[in-house]
K.L.:
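Pasting in a structure now, in structure tokens, and then I'll have a few things to ask.
Note on naming: letters A, B, ... go to the chains in the order of the sequence lines (proteins, then strands), and numbering restarts at 1 for each one.
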Number of protein chains: 2
Amino acid sequence: MALRHALLAALLDGEYSGYQLAKAFDAGVANFWHALPQQLYLELSKLEKEGLVAGRRVVQEGRPAKRLFTVTGAGLAELERFALAPAKPSFIRDDLLVKVQAVDAVTAGAVIEQLRERARVAEAKIIVFGKLLRRMRGDRDEETFLRAGERIGPYLTCLRGRQFERETRAWCTRAVAVLRAREAASRQ
Amino acid sequence: MALRHALLAALLDGEYSGYQLAKAFDAGVANFWHALPQQLYLELSKLEKEGLVAGRRVVQEGRPAKRLFTVTGAGLAELERFALAPAKPSFIRDDLLVKVQAVDAVTAGAVIEQLRERARVAEAKIIVFGKLLRRMRGDRDEETFLRAGERIGPYLTCLRGRQFERETRAWCTRAVAVLRAREAASRQ
DNA sequence: CTGGTCATGTAACCCGTTACATGATTTC
DNA sequence: GAAATCATGTAACGGGTTACATGACCAG
């Protein structure tokens with residue numbers, strides 16, 4: 001029941017269509033939640049029925065019509081209630097970690113390749129998050145922006161996202177180095 | 001379909017009962033996966049039926065009997081297949097991040113308190129992971145252990161877990177500082 | 001003319017969570 | 001005497017993933 005709150009939180013930044021939200025919630029920029037497009041369209045419909053968001057149909061030329069959503073007063077109240085409720089602890093669930101946990105009992109080569117790939121993905125995300133942060137803070141430095149900026153929520157979550165990806169990259173490269181060294185040693 | 005692989009990976013370390021696994025997969029030490037006891041008991045039964053793990057009933061005095069599980073040859077083969085398959089990217093799903101994303105539109109006080117609580121939890125996990133790491137490497141230093149240790153998978157995932165919790169703690173305290181400063185400024 | 005982007009959905013299935021159930025032993 | 005620990009499950013529900021479906025426009 002938290003996807004709806006993630007959607008409401010995302011819509012605080014302005015009007016967005018399901019498609020735009022889907023891009024943000026899919027792999028790419030999802031720095032605070034992840035969901036697939038199908039889920040979003042369904043949840044947006046529900047939210048609209050319940051009056052937590054309001055949809056506005058916008059006809060475009062040369063493109064399909066889209067529906068732009070905004071948070072209503074009731075939506076804001078729902079967010080407030082959510083913020084006050086105790087947060088459930090967040091858990092890790094990662095295929096790659098499971099594979100590393102089992103790396104002593106399986107072919108290390110395959111795991112190494114996937115660690116490399118994950119490091120590449122992390123690298124790309126670090127760059128995207130960096131650009132996002134710069135765009136959000138504009139010409140101000142970070143200190144100033146965090147002290148006086150009007151909307152810092154997305155900035156803080158984006159900082160966390162970047163930090164997470166940096167560590168992911170660091171850990172992956174370290175693990176690759178360790179595993180390769182052991183492979184080389186065992187071959188002799 | 002990845003919980004089964006997480007279970008198989010956990011059982012590589014030796015024989016464990018559902019109860020012991022539940023403790024590890026619940027909040028506490030779950031450094032590479034998380035699951036509730038009910039899920040584990042169910043999945044262990046399935047794995048046993050499929051011949052991927054073997055259960056052994058152990059009667060105890062003064063305590064209920066327990067079932068200890070070990071990975072079978074077929075279980076190892078299944079792990080190997082899993083390791084070779086492409087890993088799906090891991091995604092963040094965290095209530096607290098959603099609340100921070102929305103912090104400009106809701107009462108900041110409640111979010112601050114939850115950030116503090118999360119920092120405390122992270123602190124506790126950092127200590128637990130530290131102890132685990134020391135126990136795993138014994139009297140060897142980290143370099144030596146990672147070069148020559150017989151089982152390094154759990155060590156690597158534990159390192160990742162500790163790193164993650166350290167950053168969680170750092171980010172939470174930073175966010176609290178920023179939000180408190182803004183609260184103080186707006187009160188004037 | 002193939003593939004990518006824009007744009008929105010429905011339906012089936014399965015995994016994960018919540019709730020419920022039991023019972024003995026040890027610790028405070 | 002209450003609460004925590006040891007020990008293992010069943011059942012219902014709901015959210016998330018996978019698969020399926022449609023259709024117009026634009027770039028190479």
K.L.:
Within the supplied structure, the quantity of interest is the number of heavy atoms (other residues, nucleotides, ligands) at a distance under 6.0 Å from Arg180(B) CZ; does it exceed 12?
P.N.:
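12 or below, so no.
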
K.L.:
May I have the distance from Glu43(B) (atom CD) to dT10(D) (atom C1'), rounded to whole angstrom?
P.N.:
16 Å

K.L.:
The side chain of Ser17(A) lies closest to which of these nucleotides: dT17(D), dT8(C), dT10(C)?
P.N.:
dT8(C)

K.L.:
When you get a sec, tell me which of dG23(D), dC6(D), dG16(C) is the closest nucleotide to the side chain of Lys23(B)?
P.N.:
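The answer is dC6(D), which lies nearest to the side chain.
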
K.L.:
Here's a test of your reading of the structure: between Ala2(A) and Leu68(B), which maps to the more 5' nucleotide of DNA chain D?
P.N.:
Leu68(B)

K.L.:
With distance as the sole criterion, is a donor-acceptor pair present between the side chains of Thr157(B) and Gln101(A) under 3.5 Å?
P.N.:
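Gln101(A) and Thr157(B) do have a side-chain donor-acceptor pair below 3.5 Å.
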
K.L.:
Please determine, for the side chain of Tyr19(B), which listed nucleotide (dC6(D), dG16(D), dA7(C)) has the closest atom?
P.N.:
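Closest of the options to the side chain of Tyr19(B): dC6(D).
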
K.L.:
Please give, in whole Å, the distance from dC15(C) P to His5(B) NE2?
P.N.:
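That distance rounds to 11 Å.
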
K.L.:
A cation-pi test, strictly: NZ or CZ of Arg160(A) under 6.0 Å from the centre of the six-membered ring of Phe164(B) and no more than 45 degrees from its axis. Yes or no?
P.N.:
yes

K.L.:
Whole-Å distance between dT25(C) P and Lys66(B) NZ?
P.N.:
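In whole Å, dT25(C) P and Lys66(B) NZ are 16 Å from each other.
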
K.L.:
Should the ring pair Phe91(A) and His34(B) be called parallel, tilted or perpendicular, given that the plane angle runs from 0 to 90° and is split at 30 and 60?
P.N.:
parallel

K.L.:
Over how many whole Å does the gap from Met1(B) atom CE to dT18(D) atom C1' extend?
P.N.:
14 Å

K.L.:
Do Tyr155(B) and Phe145(B) have ring centres separated by under 6.0 Å?
P.N.:
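So the answer is yes for these two rings.
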
K.L.:
Which nucleotide in the list dT8(D), dA7(C), dC15(C) gets nearest to the side chain of Arg63(A)?
P.N.:
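When the side chain of Arg63(A) is considered, dA7(C) is the closest of dT8(D), dA7(C), dC15(C).
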
K.L.:
Check whether any side-chain heavy atom of Tyr19(A) lies under 4.5 Å from a side-chain heavy atom of Leu40(A), and answer yes or no.
P.N.:
no

K.L.:
Rounded to whole angstroms, how far apart are NE2 on His34(A) and P on dG15(D)?
P.N.:
18 Å

K.L.:
Heavy atoms from C-beta onward define the side chain here; which of dG16(C), dG9(D), dG23(C) lies closest to that of Pro64(B)?
P.N.:
dG23(C)

K.L.:
Identify, between Gln38(A) and Gln20(B), the residue whose nearest nucleotide on DNA chain D lies closer to the 5' end.
P.N.:
Gln20(B)

K.L.:
Can you figure out which of dG16(C), dT18(C), dT8(C) approaches the side chain of Leu3(B) most closely?
P.N.:
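Comparing dG16(C), dT18(C), dT8(C) against the side chain of Leu3(B), the answer is dG16(C).
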
K.L.:
Is Lys88(A) near enough to dT18(C) that one of its side-chain N or O atoms lies under 4.0 angstrom from OP1 or OP2?
P.N.:
yes

K.L.:
Under 4.0 Å: is that the gap between some side-chain N or O of Gln60(A) and OP1 or OP2 of dA7(C)?
P.N.:
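True: Gln60(A) side-chain N/O within range (under 4.0 Å) of dA7(C) OP1/OP2.
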
K.L.:
Round to the nearest Å and state the distance from Leu44(A) atom CG to dA7(C) atom P.
P.N.:
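So the two atoms are 14 Å apart, to the nearest Å.
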
K.L.:
What integer distance in Å separates Leu42(A):CG from dT17(D):P?
P.N.:
13 Å

K.L.:
Expressed as a whole number of angstroms, how long is the span from Leu36(A):CG to dT17(D):P?
P.N.:
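Taking CG of Leu36(A) and P of dT17(D), I get 5 Å after rounding.
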
K.L.:
Below 4.0 angstrom from OP1 or OP2 of dT17(C), is there any side-chain N or O of Arg93(A)?
P.N.:
yes

K.L.:
Can you tell me if the side-chain N/O atoms of Arg67(A) get under 4.0 Å from OP1 or OP2 in dG9(C)?
P.N.:
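For Arg67(A), the contact criterion (side-chain N or O under 4.0 Å from OP1 or OP2 of dG9(C)) is met.
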
K.L.:
Look at the side-chain N and O atoms of Gln39(A) and state whether any lies under 4.0 Å from the OP1 or OP2 oxygen of dG16(D).
P.N.:
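Looking at the OP1 and OP2 atoms of dG16(D), one of them is under 4.0 Å from a side-chain N or O of Gln39(A).
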
